[in-house]
Amino acid sequence: MKLIQNHIDGRFVPGKVEFADVNPADGTVVAQVAEAGRVQVDEAVHVARRALRGEWGRLGVRERAAGLHKVADAIEKRFDCFVQAEVADTGKPVSLASKLDVPRAAANFRVFADLVRLSGMESFQTETPDGTNALNYAVRKPLGVVGVITPWNLPLLLLTWKVAPALACGNTVVVKPSEETPVTATLLAEAMQDARIPNGVYNVVHGFGPASAGEFLTQHPDVDAVTFTGESRTGAAIMKAVAPTVKPVSFELGGKNAAIVFGDCNFEEAVSGLADAVFLNTGQVCLCAERVYVERTIFNAFVEAMKQKAESLHPGWPNDERTDLGPLISKQHREKVLSYYRLAREEGATVITGGGVPKFDDDRDNGFYVQPTIYTGLPESARCVKEEIFGPVCHVAPFDSEEEAVSMANDTKYGLAASIWTSNLKRGHRVAQQMNVGITWVNCWFLRDLRTPFGGAGLSGIGREGGMHSLNFYSELNNICVRL
Ligand code: NAD
Ligand code: 6OD
């Protein structure tokens with residue numbers, strides 16, 4: 001059986017303990033994974049610190065940027081390998097991994113390489129009382145060793161979204177990918193070697209959160225900053241762990257995102273966009289819409305059209321090009337999603353479609369598939385309307401006025417993303433500006449420009465990444481004031 005190892009100082013390192021990496025499509029074990037203990041996490045942090053003082057720390061911005069482009073080249077060279085690894089780990093359709101996850105990983109390196117090379121710095125000429133004046137300018141320095149902790153839903157995309165700007169700014173990293181999806185982070189170590197990124201710059205430790213590699217990393221006194229994507233509750237635990245050493249954090253957390261569909265929308269486009277927003281990656285995208293508010297004039301037609309979309313999804317084997325709905329990530333996550341399917345009924349929902357588990361009569365019955373599901377009829381106070389489920393499911397509710405829609409959409413402790421569907425652009429702008437979230441799409445969803453701010457309000461996160469926001473998080477600014 002294949003062994004997925006830690007990667008420390010350019011070497012692949014086994015662990016004392018191993019755990020299983022399971023294929024969610026049929027429940028088979030695809031590999032064993034070496035769990036890093038406290039000693040290995042310590043070693044990874046130590047070599048990352050040493051690499052800051054070595055060749056990597058001496059490179060200029062242009063050379064670092066060139067190195068990151070080579071990492072992108074190396075990802076593209078191993079494209080099929082990355083796609084197959086992501087498909088086996090997550091169960092996501094091969095079409096999705098090859099159109100979204102792996103191309104975005106390469107793009108993350110290219111965009112931040114270019115951005116750091118082309119970005120300037122602020123400077124101010126400051127008037128002084130004696131008229132001699134002073135010049136203020138800021139220089140960008142790396143934070144140091146950055147701990148990167150990532151989830152399982154878009155494993156390589158989200159890991160590289162953080163690793164690329166961290167390296168662009170001259171940091172070194174110790175990454176702890178999700179225990180559910182360890183393979184692409186490990187493959188990325190090979191791409192780093194192809195690109196001749198010096199040893200110790202990119203290190204991987206495998207394991208779990210509490211009392212394992214995740215916690216050892218966040219508690220480590222020699223880690224200078226932590227960047228994390230995952231559940232809001234985990235963010236809270238990490239905040240506690242970093243408090244004693246006052247590490248800066250960037251948190252991209254959960255969501256309970258709303259979509260508002262006005263009667264004047266382009267109906268076909270809205271239905272098709274919302275079908276993606278609800279079901280893409282089996283609903284396991286933090287930006288997915290789990291609450292859909294539809295103007296009453298088109299409510300029945302919209303629910304019927306969404307039902308048809310849900311029922312036309314093809315929950316097949318992940319490697320079948322026709323598959324557009326994979327399994328959930330794990331047995332445990334399926335239990336969670338199914339518990340919400342049950343709860344929705346207890347809370348009085350009308351089941352428009354789904355609500356259960358599909359039957360295949362083959363090995364997929366040992367996997368973690370669920371039916372795409374649409375509910376209506378729940379009160380806004382229902383737990384299924386308030387809590388993140390993270391599956392292929394939404395609740396659709398009618399509204400009668402713009403004010404009512406805005407008020408329902410904003411009635412949440414989360415604040416990640418929203419989408420507005422209308423052909424009245426004036427209204428699109430007006431409603432978008434009232435959304436208490438980090439990202440609002442109008443007549444589209446998950447359309448990304450990597451230069452834009454990305455992050456959430458409330459329980460959905462702390463800070464923004466993307467473009468200059470990433471460069472600002474992953475660097476320490478030293479303002480220099482020179483008397484002229
Ligand atoms: P999770 O929080 O359970 O795990 C994420 C990572 O944190 C894993 O690597 C895990 O091992 C680690 N971890 C868990 N407990 C830890 C601890 N105490 N200390 C240190 N590390 C710890 O999240 P998940 O289930 O992997 O991912 C799904 C969640 O992620 C959803 O809530 C989703 O909305 C969120 N998410 C948010 C974004 C975003 O950009 N806002 C993107 C993707 C996913
Ligand atoms: O596109 C991105 O940069 C990003 N961070 C997406 C997050 C998706 C959440 O699952």
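Just so you know, ligand 1 is whichever comes first in the structure, and atom 1 is the first atom listed for that ligand.
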Considering only protein heavy atoms, which is closest to [atom], and at what distance to one decimal place?
atom: atom 6 (C) of ligand 1; value: Thr150 O, 3.4 Å
atom: atom 31 (C) of ligand 1; value: Glu388 OE1, 3.5 Å
atom: atom 39 (C) of ligand 1; value: Cys286 SG, 3.2 Å

*Give the contacting part of Val285 toward ligand 1: side chain, backbone, both or neither, where contact means a heavy-atom distance below 4.0 Å.*
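Looking at Val285 and ligand 1, no heavy atom falls under 4.0 Å.
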Using residues 7-25 as the side-chain source, report each donor-acceptor pair under 3.5 Å to any protein atom, sequence neighbours left out, with the distance given to one decimal.
| unit_1 | atom_1 | unit_2 | atom_2 | d |
| --- | --- | --- | --- | --- |
| Asp9 | OD2 | Arg50 | NH2 | 2.7 |
| Arg11 | NH2 | Glu43 | OE2 | 3.2 |
| Asn23 | OD1 | Ala25 | N | 2.8 |

Present, as a list of atom pairs with distances to 0.1 Å, all nitrogen or oxygen contacts under 3.5 Å between ligand 2 and the protein.
| unit_1 | atom_1 | unit_2 | atom_2 | d |
| --- | --- | --- | --- | --- |
| ligand 2 | 1 (O) | Arg104 | NH1 | 2.8 |
| ligand 2 | 1 (O) | Arg448 | NE | 2.7 |
| ligand 2 | 3 (O) | Arg104 | NH2 | 2.8 |
| ligand 2 | 3 (O) | Arg448 | NE | 3.4 |
| ligand 2 | 3 (O) | Arg448 | NH2 | 2.7 |
| ligand 2 | 10 (O) | Asn153 | ND2 | 2.7 |
| ligand 2 | 10 (O) | Cys286 | N | 2.8 |

*Of all residues at least two apart in sequence or in a different chain, which pass the side chain to side chain donor-acceptor pair (under 3.5 Å) check with Arg64?*
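Arg64: no side chain to side chain donor-acceptor pair (under 3.5 Å) contacts found.
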Validation: residues 29-39 side-chain donor-acceptor distances under 3.5 Å, sequence neighbours left out:
| unit_1 | atom_1 | unit_2 | atom_2 | d |
| --- | --- | --- | --- | --- |
| Glu35 | OE2 | Ser212 | OG | 2.7 |

_Within-cut-off N or O pair, Glu231 and ligand 1, under 3.5 Å_ = yes
Should the pair [X]-[Y] be classified as a salt bridge under the 4.0 Å nitrogen-to-oxygen rule?
X: Lys247; Y: Asp222; value: no
X: Glu465; Y: Lys162; value: yes
X: Lys309; Y: Asp276; value: no

*Within the structure, does at least one protein heavy atom fall under 4.0 Å of atom 4 (O) of ligand 1?*
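Not a single protein heavy atom is under 4.0 Å away.
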_Near-ring test Phe390/Trp152, centroid separation under 6.0 angstrom_ = yes
*Answer yes or no for Ser232: is there a heavy-atom contact with ligand 1 below 4.0 Å?*
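Contact absent.
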*Who's closest to atom 27 (O) of ligand 1 heavy-atom-wise, of Gly438, Gly147, Pro151?*
Pro151
